[in-house]
Amino acid sequence: MLRPQLQQSSQSTKTLIPYWNTKPLFLASFPINILNNKNLRVNKKKKNFITKAVVSSTENSTYVQSSNIEKSASGKAIVIVQRTVGGTNFSFTRGLDDIGDLFGRSLLLSIVAAELDPKTGIEKPIVEGFARRGRDVDGNREYEVEFVIPEDFGDVGAVLIENQHRKQMYVKNIVIDGFVHGKVEITCNSWVHSKYDNPDKRIFFTNKSYLPSQTPSGVKKLRETELVTLRGDGFGERKIFERIYDYDVYNDIGDPDGDGDGDGDGKRPVLGGKELPYPRRCRTGRPRSEKDPLSESKSDFTYVPRDEAFSEVKNLSFSGNTFYAVLHAVVPGLQSYITDRELGFPHFPAIDSLYNVEVELPALQTNSLFSIIRRLIRAISETRKDVLLFRTPEFLERDKFAWFRDVEFARQTLAGLNPYSIRLVREWPLKSKLDPEVYGPPESEITKELIELEIGGVMTVEEAVHQKKLFILDYHDLLLPYVNKVNELKGTVLYGSRTLFFLTPNGTLRPLAIELTRPPIDDKPQWKQVYCPTWYATGAWLWRIAKAHVLAHDSGYHQLVSHWLRTHCCTEPYIIASNRQLSAMHPIYRLLFPHFRYTMEINGTAREALINANGVIESSFSPGKYSMELSSIAYDLEWRFDREALPEDLISRGLAEEDPNAPYGLRLTIEDYPFASDGLVLWDILKQWVTNYVNHYYPQTNLIESDEELQAWWSEIKNVGHGDKKDEPWWPELNTPNDLIGIVTTIIWVTSGHHAAVNFGQYSYAGYFPNRPTIARSKMPTEDPTDEEWEDFLNKPEEALLKCFPSQLQAAKVIAVLDVLSNHSPDEEYIGTNIEPFWKDEPVINAAFEVFSAKLKELEGIIDARNADCNLKNRNGAGVMPYELLKPFSEPGITGKGVPYSISI
């Protein structure tokens with residue numbers, strides 16, 4: 001890649017004229033080969049400038065427009081078109097586009113000078129030319145363009161593109177050759193709309209990054225114009241070709257106009273606002289529902305800005321794996337789906353038969369849950385001979401009975417799917433903060449005597465708290481307000497829960513007690529009970545069922561809060577604000593750009609199929625229809641931007657404390673905490689990369705305060721994107737380079753390390769659902785049982801556990817989705833692998849990236865060494881899964897490792 005050398009000049013005070021209205025001094029409205037006409041007048045005494053351009057796009061063609069021909073000469077340009085994966089389009093509009101190609105009128109390029117004319121203070125005449133179809137090379141199509149460039153044109157500042165086709169095109173990059181400083185490459189990687197959809201030309205800037213105050217004078221107005229375009233006007237329904245970024249509340253989760261999956265219950269509350277605070281999503285502008293004016297209506301199309309959509313490779317991979325996984329759900333669940341949605345598993349061998357047991361694919365009903373995949377059934381069934389099966393999760397392959405043991409239950413709080421919930425017990429006794437008039441006595445039934453008995457009298461509770469030996473999974477106050485509402489739903493049971501652990505001398509956690517609570521309801525008082533590991537049969541089975549309830553709570557919190565809310569949902573406002581307030585040539589925009597890839601598209605898909613009313617989450621997780629509402633409560637009570645930084649998160653949970661003598665300045669409370677140990681190394685690598693980057697572009701503090709785009713970006717994130725928390729005192733200030741380093745590192749960590757840690761191990765750990773059930777369908781046998789219920793439990797305790805587990809349909813759907821979500825696509829971009837062109841063109845940034853990449857390779861070795869250390873029992877041992885979720889690199893597929901730049905699945 002070649003680095004453009006662009007000169008800077010002082011900002012002109014004269015009014016700038018939009019380039020699409022600028023009249024060139026000379027317009028040649030004839031094909032480029034006419035430039036070879038001997039009668040064409042060119043002043044041969046003047047110096048000639050031969051210009052060559054390469055544009056990588058998806059549909060192009062060529063004509064010529066130039067100016068000041070007496071001081072110029074003709075040059076050549078090549079435009080490269082990337083052919084679509086989907087093949088040839090034989091539509092009528094494609095035929096018209098081919099005719100346009102034939103006559104050389106497909107793509108109009110307008111080259112803009114970087115600087116204003118020093119004599120007049122106004123824009124220099126633009127250089128324009130049409131691209132004309134040429135040969136096909138390596139799956140790309142070449143187009144040629146020749147144009148004339150004035151001798152005093154100077155450096156290139158930007159290129160405007162007008163797409164003459166009826167269809168949008170994907171422009172990869174533009175390479176222009178022949179200017180004073182040689183080749184100029186402009187990386188686009190963007191869809192360009194048809195002029196028939198939008199007459200405005202697309203603007204692409206050179207790869208050199210500029211702060212607003214450093215913008216070359218010739219493109220200052222374009223920089224402002226592009227941002228205005230991206231913001232839109234806030235009106236109208238968005239169209240597929242648009243690139244408008246705007247905000248809206250989550251009023252599209254429900255489906256009031258639908259039938260609510262057969263029960264007429266499709267209405268959901270709006271998330272965002274005083275009652276249910278929430279981050280903002282991208283506005284689509286769809287019409288309001290007829291039955292609920294507060295909600296947005298449904299349609300077949302969910303808008304995301306065009307450049308946020310999947311690439312074709314990603315789209316095919318995501319679609320293929322999605323359909324393949326949902327086809328898996330047909331295996332155990334289709335017939336039960338049709339006849340009995342509540343049908344559970346009769347015995348554990350029935351659960352085991354889900355894996356590696358060939359089952360004939362039944363006929364698909366068009367009105368079933370799986371109707372969306374009917375077009376792919378034939379293709380997949382033909383290659384697989386009408387046989388489907390789930391792959392065996394790695395967790396199950398290593399130790400079939402690990403899920404049954406308490407040591408694994410405890411280990412996964414530190415090295416499993418949800419390492420974000422475990423907390424240090426800092427106060428004793430445990431006590432609720434909820435209103436006792438509503439929820440009953442706040443004191444916990446987990447007593448001092450019980451804990452001291454469980455730990456064998458080795459120390460008192462007070463000593464254990466002081467020595468930082470007690471830890472807790474605490475879902476009591478978060479869940480208890482929803483218990484009675486959820487329990488009114490069919491097929492799900494919820495409690496408030498506390499689970500206490502003791503840190504053993506070998507660095508592992510030992511579960512001590514589980515407390516389950518139901519608040520008062522009707523004439524019944526508060527109910528709560530504590531369960532402990534026991535050495536008699538009845539107590540052992542009650543403990544196992546209590547663990548199933550806690551795991552359902554943890555699974556729901558993991559999916560709704562640790563995963564969806566804290567990564568997918570909270571990142572969307574960062575993306576919107578970055579595109580609305582930071583120019584594409586801003587260095588911080590270009591630093592963050594790869595970390596936002598595909599996130600808005602996957603979020604839009606989630607709102608349609610996963611977190612929507614009666615979708616997979618609501619139908620298969622304990623909170624049911626209150627799932628998203630519960631995530632709003634968690635956002636209100638728990639989310640803080642400053643604590644999204646890994647060090648601050650660990651400190652806030654009591655899992656680390658500041659220590660200048662410890663690695664990375666933190667001493668872990670639990671030394672063998674795989675997520676934290678590996679995460680801190682990754683955090684430090686990310687922060688050093690961001691530090692080098694920021695310090696290069698902001699060598700003086702005043703550059704931060706004077707950067708109006710940067711300040712507007714941070715203000716919009718706080719006051720609009722996360723506006724329901726705009727008045728919180730914990731928002732970081734943005735006054736110095738160190739402030740910016742902290743903010744950007746936090747955002748990058750969330751999109752990379754945090755998301756990888758909670759996402760890519762889902763199938764490995766939860767693909768065998770007894771290890772992590774997503775729902776508890778029956779109450780504890782000790783909660784107000786009838787004589788018959790208690791007798792049934794005593795006679796068949798295994799059946800009681802199976803009834804508590806998800807139904808066959810629920811299990812099948814969840815396993816299918818986890819298969820998809822745990823997959824790395826073939827075009828996954830892992831941190832530190834491919835350098836962005838904008839970074840490569842700047843020597844200092846290029847060198848910093850090389851260091852960044854090398855450090856990530858070192859992290860791979862560090863993690864491998866830790867996993868081989870037999871002293872680290874939370875990641876090494878018989879049947880123990882090594883902790884690899886924060887290993888930076890991976891091959892495609894379900895691997896349980898790999899940290900992509902972005903939240904891309």
Side-chain angles (χ1 to χ4, degrees), residues 6 8-12 16 18 112 114 157-158 187 190 202-234 243-247 280 282 305 307-308 571-596 641 690 693-723 726 731-748 836 838-839 842 845:
L6 299 182
Q8 299 179 23
S9 67
S10 60
Q11 181 177 356
S12 172
L16 301 180
V112 179
T187 302
S190 178
R202 277 296 309 278
I203 304 170
F204 293 102
F205 300 104
T206 61
N207 285 0
K208 187 170 179 61
S209 299
Y210 294 96
L211 300 181
S213 61
Q214 300 166 346
T215 309
S217 60
V219 293
K220 280 184 178 292
K221 188 64 176 180
L222 286 181
R223 182 170 185 151
E224 298 168 3
T225 299
E226 176 72 349
L227 287 175
V228 170
T229 298
L230 291 170
R231 292 170 193 151
D233 60 8
R243 299 165 51 248
I244 294 175
Y245 295 78
D246 202 356
Y247 299 95
R280 298 302 189 258
C282 183
D307 287 339
E308 304 297 334
T571 294
E572 187 150 339
Y574 309 150
I575 302 173
I576 298 172
S578 296
N579 284 276
R580 286 169 55 87
Q581 301 299 341
L582 297 178
S583 167
M585 66 168 62
H586 198 290
I588 298 304
Y589 176 89
R590 287 174 167 174
L591 175 60
L592 291 172
F593 176 77
H595 297 284
F596 295 155
F641 180 87
V690 173
Y693 189 99
V694 168
N695 286 340
H696 174 68
Y697 287 104
Y698 295 93
Q700 292 91 34
T701 297
N702 69 309
L703 291 174
I704 296 287
E705 295 179 339
S706 63
D707 188 336
E708 61 268 23
E709 288 183 7
L710 189 70
Q711 295 297 330
W713 167 75
W714 185 232
S715 176
E716 186 164 290
I717 287 174
K718 294 185 298 181
N719 296 307
V720 184
H722 286 276
K726 65 181 179 180
W731 283 105
E733 297 291 332
L734 181 52
N735 299 319
T736 69
N738 282 338
D739 294 340
L740 181 58
I741 289 166
I743 290 168
V744 171
T745 304
T746 298
I747 292 173
I748 289 176
E836 292 291 308
F838 318 111
W839 307 341
E842 193 66 44
I845 303 303

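- Under the side-chain hydrogen bond (donor to acceptor under 3.5 Å, both in side chains) criterion, T701 pairs with no residue at all, not counting sequence neighbours.
- Legend: residues meeting salt bridge (Lys or Arg N to Asp or Glu O under 4.0 Å) with R280, ordered by chain and number and at least two apart, are D724.
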Pair H595-I747, side chain to side chain contact (heavy atoms under 4.5 Å, CB included): steps then yes or no: CA-CA 9 Å; H595 297 284; I747 292 173; 6.0 Å; no
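- Legend: salt bridge (Lys or Arg N to Asp or Glu O under 4.0 Å) pairs involving residues 573-591, not counting sequence neighbours, sorted by first then second residue: D246-R580, R580-E716.
- Judged as a side chain to side chain contact (heavy atoms under 4.5 Å, CB included), and not counting sequence neighbours, the contacts of Y589 are S578, N579, L582, A584, H586, F593.
- By the side chain to side chain contact (heavy atoms under 4.5 Å, CB included) test, I244 pairs with R238, E242, Y303, sequence neighbours left out.
- Side-chain contact check for S715 and N719: at least one donor-acceptor pair (N or O, by modelled atom type) lies under 3.5 Å.
- Checked by atom type and distance alone, the side chain of Y693 pairs as donor or acceptor with a backbone atom of P587 at under 3.5 Å.
- Using cut-offs of 30° and 60° for the angle between ring planes, the Y574 and H722 rings count as tilted.
- A distance-only check finds a donor-acceptor pair linking the side chain of Q711 to the backbone of L734 [under 3.5 Å].
- A donor-acceptor pair under 3.5 Å is formed between the side chain of T215 and the backbone N or O of P212.
- The minimum heavy-atom distance linking V112 with G218 is given by the pair CG1-O, 4.0 Å.
- Taking N735 as the reference, nothing meets the side-chain hydrogen bond (donor to acceptor under 3.5 Å, both in side chains) condition, with sequence neighbours excluded.
- Taking D739 as the reference, T736 meet the side-chain hydrogen bond (donor to acceptor under 3.5 Å, both in side chains) condition, with sequence neighbours excluded.
- Applying the salt bridge (Lys or Arg N to Asp or Glu O under 4.0 Å) definition to pairs two or more places apart or across chains, none involves residues 698-707.
- Remark: D307 engages S190, W191, R202, R243 in a side chain to side chain contact (heavy atoms under 4.5 Å, CB included) (not counting sequence neighbours).
- Evaluation of the side-chain hydrogen bond (donor to acceptor under 3.5 Å, both in side chains) rule for Y697 yields no partner, not counting sequence neighbours.
- For N695 (side chain) and P737 (main-chain N/O), no donor-acceptor pair under 3.5 Å exists by modelled atom type.
- With Q581 as the partner, the side chain to side chain donor-acceptor pair (under 3.5 Å) test is satisfied by one option alone out of E708, E709, R231: R231.
- Listed by chain and number, the residues in a side chain to side chain contact (heavy atoms under 4.5 Å, CB included) with P594 are E836, W839, Y901 (sequence neighbours excluded).
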Given the rule in the side chain to side chain contact (heavy atoms under 4.5 Å, CB included) test, do L211 and Y698 qualify, once you have shown the distances and angles that lead to the verdict? CA-CA 9 Å; L211 300 181; Y698 295 93; 3.3 Å; yes
